[in-house]
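In what follows, a structure is listed as structure tokens, so that the remarks can point back to it.
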Amino acid sequence: MPELPEVETVRQTLKNFIVGKTIKSVETPYDKIIVGNAKEFARRLEGQIICNLDRVGKYLIFILDDDAFVSHLRMEGKYNIVEESTELGKHEHVIFKFTDGSELRYADTRKFGRMELVSRDNYKDELPLSKLGAEPWEAKTDEVYVRLHKSSLPIKTLLLDQSIMTGIGNIYANEICFRMRINPKTPGNKLSKRRTAELIKTSQEILDEAIKQGGTTIHSFSANGIDGLFQTKLQVHMQQECPICKGIITKEQVNGRGTYYCKKCQR
DNA sequence: ACGTCCTCCTGTTCGC
DNA sequence: TGCGAACAGGAGGACG
């Protein structure tokens, strides 16, 4: 499931393939991927050149001549670059045809991903990006502390709240809690300001390391066939044995999400 | 304003 | 062995 490091990996890889290309047409065989009117989405993009590929949190932002659109991969979204003669895959739902005969195809087995037109010059200040908190590198301790302080929800749940900090998903939330040696069920309002600062710093470290490794491959995720290596570095997520005490890793649901932690080392 | 629950999907795993 | 049921999960929306 793509989180910030995976989306960043996709951005870096995909950018080289698509910047400068002109969109000839857009087809949407499964149009629920598009938020709003899919026909309108396709019509607006036709003839525009892809100028840049940005990222905010887990969102990709395609910058065109006059418009922009955001793309969220959710659980299993992927982008494929193929020649136009390539047979359409079962799970390819949005097709961008370029004037040079190549195509960008959005594939998503679970159809959870979404794309949405936004304004080119103001996309960070309008929905859906405007509701996001800062990425861990820009997060201010005081602001995060205020948010944590007024909630008794588990710290791991709050790590997944994109309006507090953005970019962290289930895998990295588990890893961050482990490195912090904190029980993921600890209420947010139990964290001191000092601990909050540590939480932000640990989030930065974990995401930095994952980006360096090219993300984490879980199930079918991969950016253009390049599989992330961070999975080999996972300490608790999907693990059986605690790397510190060699005890059993506990798996339980926390607010409906699979949560892995060591009951002895994380308190 | 906040917390909880439901929905969207399909491939995989599980139980009988 | 086979088939239906349960499960997984990010974000948005409904509801209290």
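Note on naming: letters A, B, ... go to the chains in the order of the sequence lines (proteins, then strands), and numbering restarts at 1 for each one. A quick note: this is a predicted structure, and the numbers were derived from the prediction, not measured.
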Protein-nucleotide distance (A:E76, atom CD; B:dC8, atom C1'), rounded to Å: 13 Å
If you assign each of A:K131 and A:F112 to its closest nucleotide in DNA chain C, which residue comes earlier from the 5' end? A:F112
Can A:E252 and A:T259 be counted as having a side-chain donor-acceptor contact under 3.5 angstrom? no
Between residues 145-160 of chain A and DNA chain B, which residues have a heavy-atom gap below 4.0 Å? A:K150, A:S151, A:L153
Respond yes when some side-chain nitrogen or oxygen of A:K90 is under 4.0 Å from OP1 or OP2 of B:dG11, and no when none is. yes
Rounded to whole Å, how long is the line connecting atom CG of A:L73 with atom P of C:dG9? 17 Å
Rounded to whole Å, please give me the gap between CG in A:N255 and C1' in B:dC6. 14 Å
Near-ring test A:F62/A:Y79, centroid separation under 6.0 angstrom: yes
So, is A:Y59 close to the C:dG10 phosphate, meaning a side-chain N or O under 4.0 Å from OP1 or OP2? no
Specify the separation, in whole Å, of atom NE2 of A:H72 and atom P of C:dG10. 9 Å
Taking the side chain of A:M75 as heavy atoms from C-beta outward, which of C:dG10, B:dC9, C:dG12 is closest to it? C:dG10
Is there a donor on the side chain of A:R257 or the base of C:dG10 sitting less than 3.5 Å from an acceptor on the other? yes
Looking just at side-chain N and O atoms, do A:Y59 and A:T166 make a donor-acceptor pair shorter than 3.5 Å? no
Starting from C1' on C:dA11, measure out to CD1 on A:I164 and report it in whole angstrom. 15 Å
Quick one: do the A:Q12 and A:E8 side chains pair a donor with an acceptor below 3.5 Å? yes
What's A:N170 touching, base or sugar-phosphate or nothing? Going by heavy atoms closer than 4.0 Å. sugar-phosphate
Does the pair A:R195/A:E198 count as a salt bridge with the N-to-O cut at 4.0 Å? yes
OP1 or OP2 of B:dG11 sitting under 4.0 Å from any side-chain N/O of A:H91? yes
The single option from A:R120, A:R44, A:R43 passing salt bridge (Lys or Arg N to Asp or Glu O under 4.0 Å) against A:D67: A:R44
Might you work through the side chain to side chain donor-acceptor pair (under 3.5 Å) test for A:D121 and A:S119, ending with a clear yes or no? CA-CA 6 Å; A:D121 301 320; A:S119 76; over 6 Å; no
Atom-to-atom span, CD1 of A:I33 to P of C:dG10 - whole angstrom: 16 Å
May I ask you to verify if any side-chain N or O of A:Q162 is less than 4.0 angstrom from the OP1 or OP2 atom of C:dG10? no
So, A:S102 and A:K21: side-chain donor and acceptor under 3.5 Å apart, yes or no? yes
Applying a 4.0 Å non-hydrogen cut-off, can you work out what A:G169 is touching in the nucleic acid: base, sugar-phosphate, or nothing? nothing
Can you measure A:R114 atom CZ to B:dT7 atom P for me and round it to whole angstrom units? 16 Å
Answer yes or no: does a side-chain N or O of A:K111 lie under 4.0 Å from OP1 or OP2 of B:dT10? yes
How many Å lie between CD on A:E116 and C1' on C:dA11, as a whole number? 12 Å
